[in-house]
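For ligands, and for the atoms within them, numbers begin at 1 and follow the listed sequence.
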Amino acid sequence: MILAPLVAAALFAVPPAPAQDERLRAIYKELVEINTVDPTGDNTRAAEAMAARLRAAGFPAADVQVLTPAPGKGNLVARLRGSGARRPLLLLAHLDVVEARREDWTTDPFTMIEKDGYFYGRGTSDDKAMAAIWIATLIRLREEGYRPDRDIIVALTADEETGPANGVSWLVNTHRDLIDAEIALNEGAGGRMKDGRYLANGIQASEKVFESFRLEATNPGGHSSLPRKDNAIYRLAAGLGRLAAFDFPVQLSEVTRAYFDRMAALAPGTEAADMKAVLRDPPEAAALARLSQSPLHNALMRTTCVATRLDGGHAENALPQMARATVNCRTLPGTPAGEVQATLVRVLADDAITVTPVAPAKPSPPSPLTPDIMKPVEQVTAEMWPGVPVLPVMGTGATDSLYLRHAGIRAYGVSGLFGEIDDNRAHGRDERMGVKQLYEGREFLYRLVKRLSS
Ligand SMILES: [Zn+2]
């Protein structure tokens with residue numbers, strides 16, 4: 001009985017949607033306007049600003065920490081305590097952004113401007129929308145007096161764009177207890193729009209593994225006036241020619257099968273038929289060949305390796321003693337260690353070309369599309385955007401989810417933030433986010449977090 005008035009007061013205190021939008025907008029603006037470009041910007045300032053908001057909202061200082069492994073590289077980790085019936089839910093976003101120069105942009109990239117239905121500014125889409133939404137959501141849940149059945153952890157991190165040294169991988173390695181969770185939500189997929197029409201709400205459950213190799217051919221060399229048939233540049237070039245003609249085998253996974261299955265309902269005629277045909281067992285060869293002509297579809301179906309750098313010789317008038325290339329591979333998750341290197345050696349088919357990994361690969365196993373995550377995502381998507389399907393995706397690039405998955409924490413890239421598929425400005429000029437889409441994403445993630453914690 002004593003609790004009843006408190007609960008009533010807490011419910012009454014919950015501001016209606018316009019007030020939630022206003023609050024989110026203020027947090028978002030503050031974040032966008034703190035420059036967090038590496039190394040000139042200051043991630044710690046952004047982390048501290050968000051920590052201050054949480055403390056002002058009543059979070060105990062012990063549950064709001066800024067961890068700063070290096071100057072300007074602060075990470076915020078905050079916790080809303082739950083009953084502990086289940087292991088925690090981690091809400092992740094990165095605070096750092098890619099360089100943006102005033103002279104390249106129409107407006108100042110570090111002043112948030114609302115214009116024609118969009119918010120403009122560096123980080124408005126990557127990744128300060130999610131960062132701001134997590135802070136606004138945590139404050140809202142606390143105001144409601146919400147008692148989740150698991151702790152809800154928010155981590156806003158450094159070093160996503162430039163390298164893993166001080167961000168999520170550092171947290172996993174040095175403060176695992178602070179961020180340990182059963183499930184994490186992160187960037188990695190959003191909603192897809194075409195000319196304003198909502199096509200699908202993405203959920204990234206898997207991503208390809210980054211690994212690069214150095215290819216090197218050496219030769220005794222000599223004077224270029226007396227050429228010989230064996231030449232380091234020719235041997236390397238011939239090997240690269242064989243690699244160019246080679247395709248890794250097609251291999252579909254739970255995630256990419258679900259992707260093509262659902263995309264078949266959205267794609268135009270022939271493409272849709274091809275997507276269905278590659279799902280058959282065995283996949284239809286002609287359909288495979290046609291789909292492979294799209295760089296995206298090709299990358300979704302197989303490991304890719306491509307030459308990205310080339311270097312060789314030491315003088316215009318000397319036979320080359322060395323020729324070297326870098327080959328960057330994006331390996332399907334689940335591929336056994338060493339398999340890509342062995343394939344490269346076989347395809348290059350020349351003992352004179354050595355193949356050496358540039359750095360050890362960090363495998364990140366796919367996170368399963370289990371009902372405990374898929375049902376809530378599908379339910380909230382149906383509530384907010386009736387008829388819009390949920391689309392499982394595999395990232396062809398990498399996000400910080402890789403460090404979580406590598407550490408055994410299931411991670412899903414899901415935001416409910418819709419954007420035009422043909423207008424991705426992340427890392428580019430005049431980055432922006434739709435005003436309506438930001439507020440919808442706020443509501444989507446709020447509801448999703450509740451479903452995942454009650
Ligand atoms: Zn990002």
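Two rings, from Tyr120 and Trp105, have their centers 6.0 Å or more apart.
For residue Asp127, no N/O/S atom approaches the Zn ion (ligand 1) to within less than 2.8 Å.
Proximity of Tyr118 to Thr124: side-chain heavy atoms (C-beta onward) are nowhere separated by under 4.5 Å.
Under the 3.5 Å distance criterion, with hydrogens and angles disregarded, a donor-acceptor pair is assigned to the side chains of Ser125 and Glu431.
Of all the N, O or S atoms in His94, the one closest to the Zn ion (ligand 1) is NE2. The minimum distance between the Zn ion (ligand 1) and any N, O or S atom of Asp126 involves atom OD1. Shortest distance from the Zn ion (ligand 1) to Glu187 is reached at OE1 (N/O/S atoms only).
Of the possible donor and acceptor atoms, one in the side chain of Thr36 sits under 3.5 Å from a partner among the backbone N and O of Leu95.
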